[in-house]
J.: 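Submitted below is the structure of interest, expressed as structure tokens.
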Number of protein chains: 2
Amino acid sequence: MPASQQHDHNHCITTAMDTARSLCEERGLRMTPVRRRVLELVWQNHKPTGAYDLLAQLTEEGFNSAPPTVYRALDFLLELGVVHRISSLNAFVGCDHPGHEHDTGFFICKECGNATELPASEIKKLHETLLKKFGFSIESSNHELTGLCQNCKATS
Amino acid sequence: MPASQQHDHNHCITTAMDTARSLCEERGLRMTPVRRRVLELVWQNHKPTGAYDLLAQLTEEGFNSAPPTVYRALDFLLELGVVHRISSLNAFVGCDHPGHEHDTGFFICKECGNATELPASEIKKLHETLLKKFGFSIESSNHELTGLCQNCKATS
DNA sequence: CGTAAAATTGCAACATTATAACCTAAGGAC
DNA sequence: GTCCTTAGGTTATAATGTTGCAATTTTACG
């Protein structure tokens, strides 16, 4: 589901929460209230959210939260693979297709702010080329692109 | 000059400084002492350097420096295109081939720490594919890969 | 030259993002 | 229940980056 398009966002959220829950079960990990709520907040939309924004929302909702609370929850969710960090924005965004290790690549629309995950296949292809041509053995990669998404191009 | 290989690093430095100077002349900009020194420090090696590390070195050398001093110099050098920022490391590294706009892509070796710039052609190819397949009009991009460089693979 | 405008730097304070250390509480195993 | 592990609360602090303003230097130009 490209973030740039109209869609039933409730579906995004319930899918993400379901996936996270079953990943936890598989691995014997706990989806606690704070972790669940942080994941829901990250999934409020497809825009990357800062840790302190999340913290403010938690506090409003009555969670007794301080920075470590949020960062610990985010670390857990990153580790679980259901959230990614976008380092050029110091912000976090939900993962479209968790459940298997994959490199992160995002297209961030500077108009609507949505971050859409790039297909792993394209990233993989790039890695193969770089290995073949330059001998780089890539263990992980992070790609952050900005520009206009198809939707915003059409309506501008 | 791939950063991973043995090389005459003085040559890297003098080339970088010369290029920066002529870019300034072309554009009517000033290569002041602080800016020059920051660029030299960034080019001490091929490892990304943090702003506060640069600041510490400047201070040691008797520059009356505070954070804004370094960040302003870095902004200038980034704008000039002779330095790049690696956001996953909050660090800065010299640019191999300044003088024309280009997207940044780095391979960072987790053994030796060197950051080698990826060939613009590969980045461009990726962008074209993403535009064709997904309609993303990419204005800028930042690619940060980690792994083992050819050199470190050989000697480990 | 001399002066005004612009660019650069010095400086102090502050903002934002992230982590450390230590303790308490909750949940599961036996 | 008791022990052990994990999670969260709390305080403080580290690391990175920015704002605003004054002082200085450089440049432009009459």
Side-chain angles (χ1 to χ4, degrees), chain A residues 20-21 23-42 47-80 82-93 142 144, chain B residues 20-21 23-42 47-80 82-93 142 144:
Chain A
R21 191 170 30 73
L23 280 172
C24 281
E25 279 173 18
E26 275 176 32
R27 303 185 194 174
L29 301 171
R30 289 192 243 159
M31 179 54 73
T32 64
V34 183
R35 291 169 177 175
R36 183 180 357 263
R37 191 57 188 141
V38 168
L39 182 54
E40 283 169 1
L41 289 173
V42 165
K47 304 182 207 321
T49 310
Y52 278 74
D53 283 352
L54 297 170
L55 175 58
Q57 296 184 69
L58 284 180
T59 304
E60 262 185 26
E61 296 175 6
F63 284 83
N64 275 347
S65 297
T69 311
V70 179
Y71 281 103
R72 283 189 290 228
L74 286 169
D75 286 346
F76 176 84
L77 298 168
L78 287 165
E79 178 72 19
L80 197 62
V82 297
V83 157
H84 291 307
R85 181 171 193 278
I86 299 193
S87 42
S88 61
L89 301 176
N90 293 329
F92 302 82
V93 71
N142 178 40
E144 300 173 8
Chain B
R21 192 168 32 72
L23 280 171
C24 282
E25 279 172 18
E26 275 176 31
R27 303 184 193 175
L29 301 171
R30 289 191 243 158
M31 179 55 72
T32 65
V34 184
R35 291 168 177 174
R36 181 177 0 260
R37 192 56 189 143
V38 168
L39 183 54
E40 283 168 1
L41 289 173
V42 165
K47 305 183 207 319
T49 310
Y52 278 74
D53 283 352
L54 297 170
L55 175 57
Q57 297 185 69
L58 285 180
T59 304
E60 263 185 26
E61 296 175 7
F63 284 83
N64 276 345
S65 299
T69 312
V70 179
Y71 281 102
R72 283 189 291 227
L74 286 169
D75 286 346
F76 176 85
L77 298 168
L78 286 165
E79 178 73 20
L80 197 62
V82 297
V83 156
H84 292 307
R85 181 170 193 279
I86 299 192
S87 40
S88 61
L89 300 176
N90 292 330
F92 302 82
V93 71
N142 180 38
E144 299 172 9

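Naming convention: chains lettered A, B, ... in sequence-line order (proteins, then strands); numbering from 1 in each chain.
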J.: Counting side-chain heavy atoms from C-beta on, which of D:dT16, D:dG20, D:dT10 comes nearest to B:R72?
T.: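 Among D:dT16, D:dG20, D:dT10, the one nearest the side chain of B:R72 is D:dG20.
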J.: Can you identify which nucleotide, out of C:dT9, C:dA20, D:dT19, has its nearest atom closest to the A:P68 side chain?
T.: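 The answer is C:dA20, which lies nearest to the side chain.
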J.: In Å, rounded to the nearest 0.5 Å, how long is the span from CZ of B:F92 to CG of B:L77?
T.: 10.0 Å
J.: Got a list of protein N/O to nucleotides 3-7 of chain D N/O distances below 3.5 Å?
T.:
from: D:dA7; atom 1: OP1; to: A:R35; atom 2: NH1; distance (Å): 3.1
from: D:dA7; atom 1: OP1; to: A:R35; atom 2: NH2; distance (Å): 3.2
from: D:dA7; atom 1: O5'; to: A:R35; atom 2: NH2; distance (Å): 3.3

J.: State which of C:dT19, D:dT19, C:dA21 makes the closest approach to the side chain of A:Y71.
T.: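 Output: C:dT19.
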J.: Between B:V34 and A:G50, just flag the one whose closest nucleotide in DNA chain C comes earlier from the 5' side.
T.: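 Looking at the nearest nucleotide for each, B:V34 comes out on the 5' side.
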J.: Between D:dT26 atom P and B:M31 atom CE, what is the distance in whole Å?
T.: 16 Å
J.: Do we see A:Y52 stacking on the base of C:dT17, given a limit of 5.5 Å between centres and 30° between planes?
T.: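 Yes.
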J.: Taking side chain as C-beta onward, heavy atoms only, is B:R37 less than 4.5 Å from B:E40?
T.: yes
J.: Return the value, rounded to whole Å, for the distance between atom CD of B:E25 and atom C1' of D:dT27.
T.: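 For the pair B:E25 CD and D:dT27 C1', the rounded distance is 16 Å.
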J.: Compare all side-chain heavy atoms of A:L80 with those of A:R27 and state whether any distance is below 4.5 angstrom.
T.: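 Yes. Closest side-chain heavy atoms under 4.5 Å.
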J.: Tell me whether A:R35 contacts the main-chain N or O of A:R30 through its side chain, where contact means a donor paired with an acceptor under 3.5 Å.
T.: yes
J.: Quickly work out the A:L55 CG to D:dT10 P distance and round it to whole Å.
T.: 12 Å
J.: What is the distance, to the nearest angstrom, from the CG atom on A:L58 to the P atom on D:dT10?
T.: 14 Å
J.: DNA chain C: A:F92 or B:T69, which has the more 5' nearest nucleotide?
T.: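 Mapping each residue to its closest nucleotide by heavy atoms, the 5'-most match is B:T69.
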J.: Starting at atom CG of A:D75, determine the distance to atom P of C:dT19, rounded to an integer number of angstrom.
T.: 7 Å
J.: Let's go through A:L23 and A:E26 carefully: what are the C-alpha distance in whole Å and the side-chain angles of both, what is the deciding distance for side chain to side chain contact (heavy atoms under 4.5 Å, CB included) to 0.1 Å, and is it a yes or a no?
T.: CA-CA 5 Å; A:L23 280 172; A:E26 275 176 32; 4.1 Å; yes
J.: Check whether B:S88 reaches the backbone of B:I86 with its side chain - one donor and one acceptor, N or O, closer than 3.5 Å.
T.: no
J.: Over how many whole Å does the gap from B:L89 atom CG to D:dA15 atom C1' extend?
T.: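 That distance rounds to 14 Å.
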J.: Tell me the interatomic distance from A:N64, atom CG, to D:dT10, atom C1', rounded to whole angstroms.
T.: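 Atom CG in A:N64 sits about 10 Å away from atom C1' in D:dT10.
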J.: Hey, are the side chains of B:L74 and B:L54 touching, using non-hydrogen atoms and a 4.5 Å cut-off?
T.: yes
J.: In whole Å, I'd like the distance from the CG atom of A:N90 to the P atom of C:dA15.
T.: 18 Å
